[in-house]
2 protein chains.
Amino acid sequence: MSLRHALLGLLVEHPASGYDLLKTFDTSLANVWPATQSQLYGELAKLADSGLIVVSEQGPRGRKEYTLTDPGLAELRRWLTETEPQRTRSDVLLRVFFLGVLTPQQALDYLDGQAAQAAGLRAELKKLDDAIDWDDADLSVYGRIALEYGQRLAAMQQEWAEWARTQVKPR
Amino acid sequence: MSLRHALLGLLVEHPASGYDLLKTFDTSLANVWPATQSQLYGELAKLADSGLIVVSEQGPRGRKEYTLTDPGLAELRRWLTETEPQRTRSDVLLRVFFLGVLTPQQALDYLDGQAAQAAGLRAELKKLDDAIDWDDADLSVYGRIALEYGQRLAAMQQEWAEWARTQVKPR
DNA sequence: TTCCGCATGTAATGGGTTACATGATTAG
DNA sequence: CTAATCATGTAACCCATTACATGCGGAA
């Protein structure tokens, strides 16, 4: 249940509407924590009910701008310092376990696909990295660290997939 | 909805009961695709209903041994070749985005914790790798590839966390 | 005036976690 | 006989996805 904390985190910087937040989820957070529109509006309502955020301004078309409250910030800090990140599932890896039921050629295709996808992501992240003007702000520092993680992960995945294909034995 | 495919995959090798499969999920698949007992029994019942597996033997204490059927194997192959792995969420990374709301010391603590955890996992996987007698069987080949992924991932995470801590600026 | 983007919401369904509930077998 | 292990199942709740539904405001 980290969506609520993702929302709190995004509201630290400045107030925003559900629509604004959705765009952030579809762009910068897309690779880290995807969220759907439905889920997001529902969660915002719950957060407002529990007082962690408030509607600070109403705009045209029923737009509601939410602002983080003190209890909301406290909850975000509590989550960061007192809870452990949960274990992640890896769909990619699960499939690897069972590649033996395919022909070697099909297994190679799968690994090649993974290599290509990782290479694509890697290039995309590199472009993003180059495009951003990193300054010294906190957000910049931690955004940079997160992006570096993504790049290292993509590189690792690509190299692993390329190595893995050499391990597959022709039948 | 990959749990069903994980179950099909495990049943490729040999028939097994829910209880047997649960142990596999708690040990070898624990880091790839965790599953709870509840979920597992429910899914086995559904798989049997749809004919992808059958109860091939009944043992003491109501034990039911399930065997993969031909349609089950076909479904497993279809999943492997025709569906794309889904994007993963990263709780660890999500937190990094928001480390700016903590004190630099708290942020360092978080990164150190991540480094330590990755190092621990790395050691554990190394031990596992050394302990297993890898032969030429398919399962061995792909199990080995999966384990290699785990080790590379853990190494990457450790190195990243150690690098990241050097990027945090004291206030 | 017409279309695009802004903006929010609900309902149905499925997957996942926790907790509850029960009981048979076997090893010591 | 007693405790550990084997073994299965149900119920409640929450989170996530998909689809449906609606309507205003601004720009061309």
Side-chain angles (χ1 to χ4, degrees), chain A residues 1-8 10 15-27 29-50 52-66 79 83-91 94, chain B residues 1-8 10 15-27 29-50 52-66 79 83-91 94:
Chain A
M1 88 148 170
S2 293
L3 174 65
R4 58 189 303 116
H5 298 108
L7 289 169
L8 295 175
L10 291 177
S17 68
Y19 193 84
D20 294 337
L21 293 165
L22 184 61
K23 279 186 295 183
T24 306
F25 274 91
D26 284 344
T27 56
L29 280 187
N31 294 302
V32 174
W33 204 268
T36 60
Q37 176 257 11
S38 254
Q39 204 189 346
L40 201 147
Y41 282 108
E43 195 62 44
L44 283 172
K46 277 191 234 163
L47 283 168
D49 276 353
S50 56
L52 301 180
I53 63 178
V54 288
V55 177
S56 51
E57 199 188 316
Q58 310 238 13
R61 279 165 296 205
R63 175 190 174 93
K64 294 182 202 167
E65 208 163 66
Y66 293 98
W79 172 68
T83 65
E84 286 295 309
Q86 50 182 16
R87 277 206 309 280
T88 62
R89 291 181 161 78
S90 171
D91 199 346
L94 180 62
Chain B
M1 84 150 172
S2 294
L3 174 65
R4 58 188 303 113
H5 298 107
L7 290 169
L8 294 175
L10 291 177
S17 68
Y19 192 84
D20 294 337
L21 293 165
L22 184 61
K23 279 186 295 183
T24 307
F25 274 91
D26 284 345
T27 55
L29 280 186
N31 295 300
V32 174
W33 204 269
T36 61
Q37 176 258 9
S38 252
Q39 206 190 343
L40 202 147
Y41 282 107
E43 196 62 43
L44 283 172
K46 278 190 233 166
L47 283 168
D49 275 352
S50 56
L52 302 180
I53 62 178
V54 287
V55 177
S56 51
E57 198 189 316
Q58 309 237 12
R61 277 163 298 207
R63 175 188 174 95
K64 294 183 201 166
E65 210 163 64
Y66 292 98
W79 172 68
T83 65
E84 286 296 308
Q86 50 182 12
R87 276 208 309 282
T88 63
R89 292 182 161 77
S90 172
D91 198 347
L94 181 62

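Chain letters run A, B, ... following the sequence lines, proteins first, then strands; residues in each count from 1.
Among the protein residues, S38(B) comes within range of the nucleic acid bases, having at least one heavy atom under 4.0 Å from a base atom. Residue Q37(B) is classed as a base contact, given a heavy-atom separation below 4.0 Å to a base. Note on R4(A): nothing from the nucleic acid sits closer than 4.0 angstrom, heavy atoms only.
Residues R63(B) and D20(B) are in side-chain contact: their nearest non-hydrogen atoms beyond the backbone lie under 4.5 Å apart. Using a 4.5 Å heavy-atom cutoff, the side chains of F25(B) and L3(B) are in contact. Proximity of R4(B) to L47(B): side-chain heavy atoms (C-beta onward) are separated by under 4.5 Å at one or more points.
At the phosphate of dT5(D), neither OP1 nor OP2 sits under 4.0 Å from any side-chain N or O atom of K23(B). One finds a side-chain N or O of Q39(A) lying less than 4.0 angstrom from the OP1 or OP2 phosphate oxygen of dA16(D).
With rounding to whole Å, L22(B) atom CG is found 11 Å from dT8(D) atom C1'. Here the P atom of nucleotide dC15(D) and the CG atom of L44(A) are 14 Å apart, to the nearest Å.
Between its two ends, the helix from dT1(C)-dA28(D) to dG28(C)-dC1(D) turns its axis by 20°, counting five pairs per end and rounding to 10 degrees.
Here CG of L7(B) is found 9.5 Å from CG of L29(B). Values are rounded to the nearest 0.5 Å.
With a heavy-atom cut-off of 4.0 Å to chain B, the contacted part of DNA chain C has its first and last nucleotide at dG15(C) to dT25(C).
Nearer the 5' end of DNA chain D, as judged by each residue's closest nucleotide, is the contact made by Y41(B), out of Y41(B) and P34(A). Toward the 5′ end of DNA chain D lies the nearest nucleotide of G18(B), the other residue of the pair G18(B) and T36(A) mapping further downstream.
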